Structure formats: C-alpha cells, structure tokens
Amino acid sequence: MAAVKPDLFTGLNTEQEAAVRTVQGPVLVLAGAGTGKTRVLTTRIAHILGQGLARPWEILCVTFTNKAAREMRERTQKLVGASAEGLQNLGTFHSIAAQILRRHADLVGLKSNFTILDDDDQVRLLKGIFEQEGIDQKRYTPKSFAWQIDQWKNKGLTPDKIKGGEGAEFGGNKGIKLYQAYQDRLRILNACDFGDLLLHNLDILTKHPDILETYHRKFKYILVDEYQDTNVSQYLWLRLLTNTDRNLCCVGDDDQSIYGWRGAEVDNILKFERDYPGAKIIRLERNYRSTEHILGAAAGLIKANTARLGKTLFTDEKGGDKVQVQGLWDGAAEAQFVAEDMERLHKGTRDNDPRKWSDMAILVRASFQMRAFEERFVMLQIPYTVVGGPRFFERAEIRDAIAYLRLIQSPDDDLAFERIINVPKRGIGDATVQKLLQQARLAGVSVMTAVRDLIQTDELPARAKTPLVGFMRDFSRWLDLSKDAQASVLLDTVLTDSGYFDMQRADKTSGQTRLDNLKELGNSMAAFDDLAAFLEHVSLVMDLERDNGGDSVRLMTLHAAKGLEFPVVYLPGWEEGIFPSQRSMDEGGLKSLEEERRLAYVGITRARQEAKISFVANRQVYGRWTNQIPSRFVDELPIENVEATSQTGYQSAGWQSQQSRWDRAGYEPNYTKKAEAPAYGGDLAGVDMRRLEPKARPTPHRQPAPAKPSAKNFKLGERVFHMKFGYGLIVEIEGNKLIVNFETSGDKKVIDSFVDRA
DNA sequence: AACCGCTCGATTTTT
DNA sequence: TCGAGCGGTT
C-alpha cells in the first residue's frame, strides 16, 4: 500500500515536493517556465506553518512586485486559512525595507515619517542641485543623472564608495559631488528614494549588530521569489538577514533574467552555491504549460547562451502545433496577418474550438511596435487591451492631487509645494518660485515656512504676493479640515477650492478621463482611515487593481508578459536591431545579447499551444522606412519544431542556414554599430535575400476591404490608442469618422476606414 | 507670466 | 509619429 500523503502534497511532483520539504538550510529552486514555482513557494510556507517550525510573522517572504506578493498571500491563504493574515513579512523588497527603515530611521538621520520620493520628485530635486552647481543641463540632464544614481544604488554604492570611472565623470567629474549633494538634500527634506530604502537598511544592519541580531532571531525562514532579478543591494540585504541556520530558499530561473538593465545580476543566482556552501539545488523541469514543440523551440534558442545553469524542460503534452514563423513584407502586412489570424481562431478552426479574444496575446519588444496593431484592431473592431500602459499613479492629475495631500500631511514637503504652487495657474511664475526656493535655502527652512514669513514683509511685488496670500489662506483651512474630515472629503474640498476641478473641466482635450481618474483616486482612498497610511500605500504600491479587460486581445511588451501565459502568443518584429534591440547591444554587447535572447525565451514560453513568430522586410520606424533582416533568433530555432512560411521570398532561401550567412559575412554577434552589420542584399551571398531590395515605401501587398459605416460601434470617450504618456480618446463620431484626440498634446487624428466584420 | 512654434530624439520599467 | 523642452513673442 502506498504511503498516504498529507493533503498538502497531493498533486505535487517529486521535485516540487522535495523543494517544499527541504526546509532546513539553503535551497535554490531552479524553476523553469511553467513548472509551478508559486505553488512550491506557497506550499512551502504552509508546510513550515503546519509543522509548527515558525509562526507566521517569523517567515520573511520577498517578491519584486505587489502583484506577486498579493498572489502569494491569496494562495497561501487558501492553504492555511486565517493564519495567513499573520504573514506580516510577506511583501516586496521595498515595502519590507521601508517597514524596517521606519523603525530605525533615526540611525541614518531621518525621522520615521520620512517621505518616499517618486522619480518626478527625484528629477526636480536634481534640477535644483544642477542649477546650484552650475551644471550645463543640455549636456547633462537631471534625468540621466537620476538614472545614474539608481544604478549606483542598485549596486549598493553610496557616494563614498564610488571610484573613478563608474559614472563619477558625470557633469565634468562632478558625479560624486552631485550624488553627495543629492543625498544631503534628501536628508534635509526628510525623504528618501526607492534605492535608499534598501541602502539605508544595509547601513543600519551593518553598523548595528544588536539590531541585526533581533532580525536574525525574528526571521527564522526566508523565501525569495524571482531570485534571478535581485540586484546587488537586495543580494547584500538578504545575506545580512540570513542567520546562522541559513534557512534561505531562493526560487528563480536564470533563463528568465530580463532586468539586467535595471541592476539585476544574473550572477547572484549563478553563484548561489558558492555563497551558501552545502546548498541544495532542486530543478523543476516538468512543465505544465506548453506543448512539446513550444518547449523545443524555446530550448533550442536558449542553448545559444553561455552563462546558464542549465535545465531541460519536458512535458507530457506531446505533439501539438509547430511554432509558426512568418516572413511578411512590411509592418502593415504583419498587423493584418496577425489580426486576420486572430479572427480565424476566434471563429474556430477545424482543429480547434473558437478561441476567446483573451486567449490571444501579442508580445512586442518595445511599445512603439504596438501602434500598428492598435490601428488594425480599431479598423477591424477587435477588442484589445494594452497591458502595462501608463500607470495610474503616474498620471499628471493624480500626481497633482497627491502633491496637495502630501503638502497637507507634511508642509515641509518642498517638492510637493513646487509641484502644485502654480497648478492651477495662480499667476505665480517660475521667477517667483525660484525666489521662494532660494529664500528658503538661505534661511535653512522649508519653502512653506519661508512663504509664511515672506508674505508678512513687503519683499515681494504685489503681483506675486496676492496669490500667495490667497493660497496660504486656503491651505490653512485645508490643514484644519484634515484634522477631522475623512481623507476623501478632504481631497474633494482641496480640488474644488483650489480650482483644480475647474481647470480640468475647462480642458477640452482630455474629455472626462482626468476627472474620472480623480474620482477613482477618491474611491481608492476610502479604504484608508488615515492620510499617512494612504500616502504610504501610494508611494510603495504604485498600482491600482485594474479591471482585467474582459474578453479582449492582450497587447503588451515582452517584459510585461513575464509570469503570464496564453493559449496563443504572437511574437512580431523579430528583426535584427529591433529584437534583439540595437540599442541594448550597443550598450551591453554580448551580455545584453544574451539577455535579449532570454527575453525571446520568455516570449515563446508564454504560449500554451500556439506561438507565432513574424518578421518583415520593410518597416516604418518613427515614420522612416527601414530595411529589416530577420533576427538571428529566428535562425536559432530548431528546424524540427518550426513551420516556416513567407511572403517575402526569404523562406525559400532556407531560414535555418542563416547562421552560416552571418558567419560568411563576418557578422559578429557583438557588433557595436548598425553600420557594421551587413546590409540586405549587400555582403550577403544568399541569392534569395536579394529579392528584398532595399526600397522606399513598398506597395501594400493587400488592400483593406472597402470601408463600410461602422464607426457607430464605438463609444464617445473610449480609449483607442495608448501613447507613452496618455491615451487617445474618441471625442467625436461623425458618420463613419472617428475623431481621436491625443490627451497630452491635444492633437487630432481622424480614423475613417473600417472593415465590417458582420 | 503665459503661450506658440520649432527642433530633436526615441528600449525594456518596478518600487 | 508624438511629445518634451527651449527660445522667442505677446
């Protein structure tokens, strides 16, 4: 008779069970795509709790995103019930580090109510410093320096630790000085940025062994999700917090490390065994997601990478469709192909029942590639949702509203002041604001205090003084109100009194959305009884539960697709320079190329049943026509897992022999300039390649069906285009014409071609 | 102080 | 293509 397993383990495979049961000592779980990683983590927590090895708050479980943390909590709850609520230390790196920092803020010169800056504040602060230091802001932008600071902080580098050459040369060798000045300003403002949350933690934990000791006693078990994405400071933080029992379990997949550009170190996972001698390595290789051909194609591709621990995924889903590779003439043809294929699948085919729209996703390398698909979807009226798009809390109106609240919560928040003092326009211009800032700096007080003092004197011209007096009067009324009114009531009052609502209502370009967004902000505040709690939530959880888009096609970047899966996945734009991205390779050479390849791997492995890769011969990029050559990744796909068709002539050349063409042309995988790559039909010997003559605009190979009046299927105010900073809104429907407004610029676009699908 | 029109440049993005 | 940022004008 087989041993009866306790409930918790039923349905787990041998490796998964081992990963759950190996509770003592360091463990690295190498969890390939679709191998049940979250299940292992949640079951492991349940197991630790069930065995009485630790109480809920003695488990430290860190993730990267709030979404992952939320999912982990919910799924653990299903396994252990109410005791999951005691898992106070399940959260993102940043939220847990913030908790710790608030407890010991005084040790790094902050007060425990410090504010957390968003990147907008960060840039504004740097701008001030640049002006003070006389930095040429055309040559050196505050934005690029903000990036540099983030990079330093990701590496755990404080100003004193930077050696020459690591960006120190910024602004004419002023990098370190500017960084130091920035840190000093943060301390004066009682603020820190995201990087500081961890950096200050490191400072506290290394300099105060007694405090470290309390955390060692507290955190009996540590679990880490997506370990391949940890940066140096997160890595150091984990090392510090791991006590001598070393009950550390890191779960990750080196083949899915795609965040190197923001500081993630694949090395962390590669050297786990060296860091924690005697560590157990458990490989999860049984894939529950994809068919054999999809896994085969992905495996063939990732094989080309050198720095990997190595896994071989397998599945019981034998057979299935081969990965489709399509060569197309241009971007419009590609969008047309994808949209028509989706319609075909939506209707149902001989082999498959109808697919829901939401079963299909398009994964692109960069967001500018989305436009062509959106245009086609609007034309065909295929419902689509852009996943990831502009973030709610990053929208200008939301930031403005929050800045008002921040200023009320802590009047010393100079950055909040600067943001809203002339929004809506009060006649307080740049010159006045600069004067106020300077005055405050000289007196060593906050801007609010400086203003309060200044309006008692006659130092300001009446033109600037009058609106300031008015503002201060409003402000003190809000301050009083904040003491007993509900946060959402306060928000409403502030936005009404300040004229902010009026300003937005008067703005014709934005339609209703901005006001709707503000309403949504008010609703989300209702869940918090205290303004401080709400603001903390806003800065750390820059994410609002959004509706899932219903039955619509999903359109997103490859990065946004990590962790998701779809029955059908389209992977367009597999062309050299686009994917792999030229810019990425210019910056990081071979290392970046391997990361791009991992991105391709992530893309393919999102598919459950069908993956469709496409490339084009000609593509418009930012309005310019360019000739494209197929991505080297296409050639790395094993022939036996692929079915190739083409409308460009490329296929007949035999796409699988492309690698040898690269070799003959002396084409190095780590070339640094576009110019070094061979041109189509130029250095390459392949006869068929010449059919793709580099030409100006090609004629579309197929015209869309004649337009019929079907604009009526759209609603006023509907969002149809997703720009980098906002949306396109339907502001008018005139017969068969849609007038779309771009929210930020106010520019108009007319869409007058529709295809009737009835 | 506020607005207009021109030039330039352009991955990936969480907290 | 869009939008940000700048400099010149009202």
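Every chain is numbered from 1, with letters handed out A, B, ... down the list of sequences. Please read these numbers as outputs of a predicted model, since none were measured by experiment. Values reported hereafter were calculated over all heavy atoms of this structure, with side chains retained and with hydrogens, waters and symmetry mates removed.
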Tabulated below should be each protein N or O lying under 3.5 Å from an N or O of nucleotides 2-6 of chain B; please produce it.
from, atom 1, to, atom 2, distance (Å)
B:dA2, OP2, A:Asn422, ND2, 3.2

Would you call A:Arg505 and A:Asp502 a salt bridge, taking side-chain N to carboxylate O under 4.0 Å as the test?
yes
Regarding A:Arg102 and the six-membered ring of A:Phe114, is the cationic atom NZ or CZ under 6.0 Å from the ring centre and inside 45° of its axis?
yes
Could you give the distance from CD (A:Glu226) to CD1 (A:Ile269), rounded to the nearest 0.5 Å?
9.5 Å
At what distance, to the nearest 0.5 angstrom, does CG of A:Asp120 lie from CD1 of A:Ile402?
11.5 Å
If you apply the rule salt bridge (charged side-chain N to carboxylate O under 4.0 Å, His left out), what do you find for A:Asp193 with A:Lys153, and how did you get there?
CA-CA 10 Å; A:Asp193 60 25; A:Lys153 290 187 175 175; 2.7 Å; yes
Centre-to-centre under 6.0 Å for A:Phe145 and A:Tyr140, is that the case here?
no
Do the ring planes of A:Trp574 and A:Phe633 sit parallel (below 30°), tilted (30 to 60°) or perpendicular (above 60°)?
perpendicular
Less than 4.5 Å apart, side chain to side chain, heavy atoms only: is that true for A:Leu558 and A:Leu571?
yes
Counting any heavy atom closer than 4.0 Å, what does A:Ala98 reach on the DNA or RNA strands: base, sugar-phosphate only, or nothing?
nothing
Could you list all N or O pairs between the protein and nucleotides 8-15 of chain B that sit under 3.5 Å apart?
from, atom 1, to, atom 2, distance (Å)
B:dT11, OP1, A:Tyr622, OH, 2.9
B:dT11, O4, A:Glu587, OE1, 3.2
B:dT12, OP1, A:Ser367, N, 2.8
B:dT12, OP1, A:Ser367, OG, 2.6
B:dT12, O4', A:Arg365, NH2, 3.3
B:dT12, O2, A:Trp261, NE1, 3.3
B:dT12, O2, A:Arg365, NH2, 2.5
B:dT13, OP1, A:Thr557, OG1, 2.5
B:dT14, OP1, A:Arg391, NE, 3.2
B:dT14, OP1, A:Arg391, NH1, 3.0
B:dT14, OP1, A:Arg391, NH2, 2.0
B:dT14, OP2, A:Arg391, NE, 3.3
B:dT14, O4', A:Arg262, NH1, 3.2
B:dT15, OP1, A:Asn66, N, 2.6
B:dT15, OP1, A:Asn66, ND2, 3.2
B:dT15, O3', A:Leu540, O, 3.3

